[in-house]
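Given the structure is predicted, the values throughout are model-derived calculations rather than measurements. Both backbone and side-chain heavy atoms feed into the values below; hydrogens, waters and symmetry mates do not.
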Amino acid sequence: ETRDRPRRAPEPPRIVADRKLPGLIAHIDPRAVASEAYRAVRANIEFMPGERKGRNIVVTSPTQGEGKSTAAANLAVVSAQSGWRVCLVDADFRRPVLHRVFGSENRGGLTKALHEGLPLHTVAEPTYVPNVSLVVAGSEDETELLNTQRVSQLLQDVGLHYDLVLYDTPPVIQVAAAISLAAQCDGVILVVRSGAIPTSVLRQAVSQIVRVKGKVLGVLLNRVDLRHGDEEFYRYYREYYSRGGNGPE
């Protein structure tokens with residue numbers, strides 16, 4: 001009888017003072033401009049052509065430090081807020097961080113699934129965000145496991161358990177493993193920090209994904225200061241929510 005009882009979602013981690021960790025702005029402040037931007041990305045995923053259930057989306061970046069983990073975590077939150085069953089997968093074995101964001105232990109997870117040929121839902125754990133499950137990386141030395149055959153086994157029956165699976169992968173230019181997932185998933189979101197990389201590097205990243213027949217859904221421009229870059233947009237957004245509305249759901 002004990003085995004059949006559903007696992008309770010863990011309590012939120014008490015220590016979130018590390019500024020190096022991705023911030024869950026969509027969970028902390030759903031009315032923030034950044035939260036609304038993530039909802040716009042979610043809408044684009046929702047209206048992707050095709051009727052296939054269980055979207056598998058890679059969230060990556062051309063190089064390190066672009067904010068891909070932040071984007072993946074917040075996109076998971078806004079998708080869950082809309083009622084989707086979301087699985088967030090830390091596929092960045094060399095720099096895993098999502099387990100720290102959600103206060104989980106970095107054990108088992110994706111490493112176990114790939115080693116043993118297990119489907120994702122068997123290694124996913126609930127988080128303190130309703131409807132969001134997390135698959136931790138599990139190791140910092142298993143990048144070579146992300147090959148075509150193992151990834152195919154990983155993606156089996158995803159639609160039976162989740163409406164959306166987001167894979168936080170290593171940067172595509174620096175680590176080839178991200179390409180293996182991009183080739184077999186439904187789409188790729190490239191996260192680029194505003195003003196951080198030249199256009200030629202972004203083109204190279206897109207070219208690598210397209211070369212393996214991956215589908216680039218779009219580029220998410222990160223760390224844009226709307227207060228200075230588009231004052232009119234920010235002013236209208238701020239006024240809308242300052243008039244006593246309930247804000248986005």
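Evaluated for a side-chain contact (heavy atoms from CB on, under 4.5 Å) with L220, the options V192, V59, I189, L75 yield exactly one hit, I189. Under the side chain to side chain donor-acceptor pair (under 3.5 Å) rule, K68 has a single partner from T169, D168, T63, which is D168.
Taking all atoms of both residues into account, the shortest heavy-atom contact from G109 to V135 is C-CG1, 3.8 Å. Closest approach of A76 and V132 over heavy atoms only: O-CG2, 3.7 Å. The minimum heavy-atom distance between A72 and L166, with the atom names listed, is O-CD1, 3.7 Å. The two residues I209 and A182 come nearest to each other via the heavy atoms CG2-CB, 4.4 Å. Scanning all heavy atoms of the two residues, the minimum distance from G159 to R85 falls at O-NH2, 3.7 Å. Taking each heavy atom of T127 and S133 in turn, the nearest pair found is CG2-C, 4.2 Å.
Between L134 and E125 there is no side-chain heavy-atom pair separated by less than 4.5 Å. Counting only heavy atoms from C-beta outward, the side chains of D92 and V97 never approach each other to under 4.5 Å. With contacts defined as side-chain heavy-atom distances shorter than 4.5 Å, the pair N131/W84 does not qualify. Residues R42 and S82 have side chains in contact (heavy-atom distance under 4.5 Å, counting atoms from C-beta outward). With contacts defined as side-chain heavy-atom distances shorter than 4.5 Å, the pair Y38/T70 qualifies. For the pair L154 and L120, the minimum side-chain heavy-atom distance is below 4.5 Å. Contact of the F102 side chain with the V136 side chain is not registered, since no non-hydrogen atoms from C-beta on lie closer than 4.5 Å. The side-chain heavy atoms of V86 and V129, taken from C-beta on, include no pair separated by under 4.5 Å.
For S79, there are no side-chain hydrogen bond (donor to acceptor under 3.5 Å, both in side chains) partners, not counting sequence neighbours. With sequence neighbours excluded, the residues forming a side-chain contact (heavy atoms from CB on, under 4.5 Å) with A26 are S35, N74, V77, V78, listed by chain and number. N44 meets the side-chain contact (heavy atoms from CB on, under 4.5 Å) test with no other residue; sequence neighbours excluded. Scanning for side-chain contact (heavy atoms from CB on, under 4.5 Å) contacts around A137 gives D90, F93, P96, N106, with sequence neighbours left out. Scored by the ring-ring contact (aromatic ring centres under 6.0 Å, His included) test, H27 finds Y128 as partners (sequence neighbours excluded).
Atom CG of L217 sits about 10.5 Å away from atom SG of C185, to the nearest 0.5 Å. Rounded to the nearest 0.5 angstrom, L110 CG and Y167 OH are separated by 8.5 Å. With values rounded to the nearest 0.5 angstrom, C87 atom SG is found 11.5 Å from D163 atom CG. Between S104 atom OG and L98 atom CG the span is 9.5 Å, to the nearest 0.5 Å. Here CZ of R211 is found 8.0 Å from CD of Q204. Values are rounded to the nearest 0.5 Å. The structure places CG of L190 at 9.5 Å from CD of E66, a figure rounded to the nearest 0.5 Å.
Sorted by first and then second residue, the pairs that involve residues 103-118 and meet salt bridge (Lys or Arg N to Asp or Glu O under 4.0 Å), not counting sequence neighbours, are E105-R107.
Judged by distance alone, the side chain of N56 and the main-chain N or O of D186 form no donor-acceptor pair under 3.5 Å.
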Checking side-chain contact (heavy atoms from CB on, under 4.5 Å) for the pair I57/M48: CA distance, chi angles, key distance, verdict?
-> CA-CA 11 Å; I57 306 295; M48 285 173 58; 4.1 Å; yes
